[in-house]
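Take a look at the structure below.
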Amino acid sequence: QVQLVESGGGLVPAGDSLRLSCAVSERTFSIYGMGWFRQAPGKEREFVAAISWIDSSTLYADSVKGRFTLSRDNAKNTVYLEMNSLKPEDTAVYYCAARIVITTKQGMGNSRSYHYWGQGTQVTVSE
């Protein structure tokens, strides 16, 4: 069974940076990728970024491309989302997710490709 724990959220002014972490409770070869999604009040959950567990290929939403960076620490069994140049529109609850199926590049950005989810961490960016 896979459990995910997010951390690193907080309240920051626009232009600042945050680093989110997602720790996987167990080492498992059944995970083929990790993703980050976010949900703001009154909005649908949207894709942010994803990384393949196999070859470290990445996919980013257009809204965060060039500002956010995914990375992976195999030794700590943790993935990170480095968020730079934060904007008020980045305010949301950020969720880490694990994928246990092989998918296409497009599928990496689909929430239905992911089967295990963390509880979320709040990111608030003031103006």
- Distance-only polar pair, side chains of Asn110 and Ser113, donor-acceptor under 3.5 Å: no

- Shared ILVMFWY cluster between Trp36 and Val125, side chains joined below 4.5 angstrom? yes

- Do the side chains of Phe68 and Val12 join up, straight or via other hydrophobic residues, at under 4.5 Å, putting them in one cluster? yes

- Query: At what distance, to the nearest 0.5 angstrom, does OG of Ser56 lie from CD1 of Ile51?
  - Reply: 4.5 Å

- Item | Any side-chain donor near an acceptor of the partner, Arg19 and Tyr80, under 3.5 Å | no

- Message: Hydrophobic clustering (ILVMFWY, side-chain heavy atoms < 4.5 Å, transitive) - are Leu18 and Val48 grouped together?
- Response: yes

- Please list all pairs passing the disulfide (SG to SG under 2.5 Å) test where one or both residues lie in residues 83-127, with sequence neighbours left out. Cys22-Cys96

- Item | Distance flag, aromatic centroids of Phe37 and Tyr95, threshold under 6.0 Å | no

- Query: Is a donor on one side and an acceptor on the other found under 3.5 Å between the side chain of Thr121 and the backbone of Gly9?
  - Reply: yes

- Only counting residues at least two apart or in another chain, list the ones meeting side chain to side chain donor-acceptor pair (under 3.5 Å) with Tyr114. none

- With distance as the sole test, does Gln39 use its side chain to make a donor-acceptor pair with the main-chain N or O of Ala92 at under 3.5 Å? no

- Task: Decide, yes or no, whether a salt bridge links Lys65 with Asp62 under the criterion of side-chain N to carboxylate O below 4.0 Å.
- Result: yes

- Message: I'd like to know if Tyr116 and Tyr94 are part of one continuous hydrophobic network [Ile/Leu/Val/Met/Phe/Trp/Tyr, side-chain heavy atoms within less than 4.5 Å].
- Response: yes

- Query: Do you see a donor-acceptor pair shorter than 3.5 Å between the side chains of Asp73 and Thr78?
  - Reply: no

- Are Val5 and Val24 connected in the hydrophobic side-chain network, where two residues link if heavy atoms are under 4.5 Å apart? no

- Query: Heavy-atom distance under 4.5 Å between the side chains of Asp90 and Arg67, does that happen here?
  - Reply: yes

- In short, Arg72 meets Ile54 closest at the heavy-atom pair NH1-N, 4.5 Å

- Start with the C-alpha distance between Glu89 and Thr91, add both sets of side-chain angles, then the distance that settles side-chain hydrogen bond (donor to acceptor under 3.5 Å, both in side chains), and finish with yes or no. CA-CA 5 Å; Glu89 50 262 45; Thr91 296; over 6 Å; no

- Query: Stepwise, does the side-chain contact (heavy atoms from CB on, under 4.5 Å) test hold for Val101 with His115?
  - Reply: CA-CA 9 Å; Val101 296; His115 302 84; 3.8 Å; yes

- With the side chain counted from C-beta on, respond yes when Met34 and Ser52 share a heavy-atom pair under 4.5 Å apart, and no when they do not. no

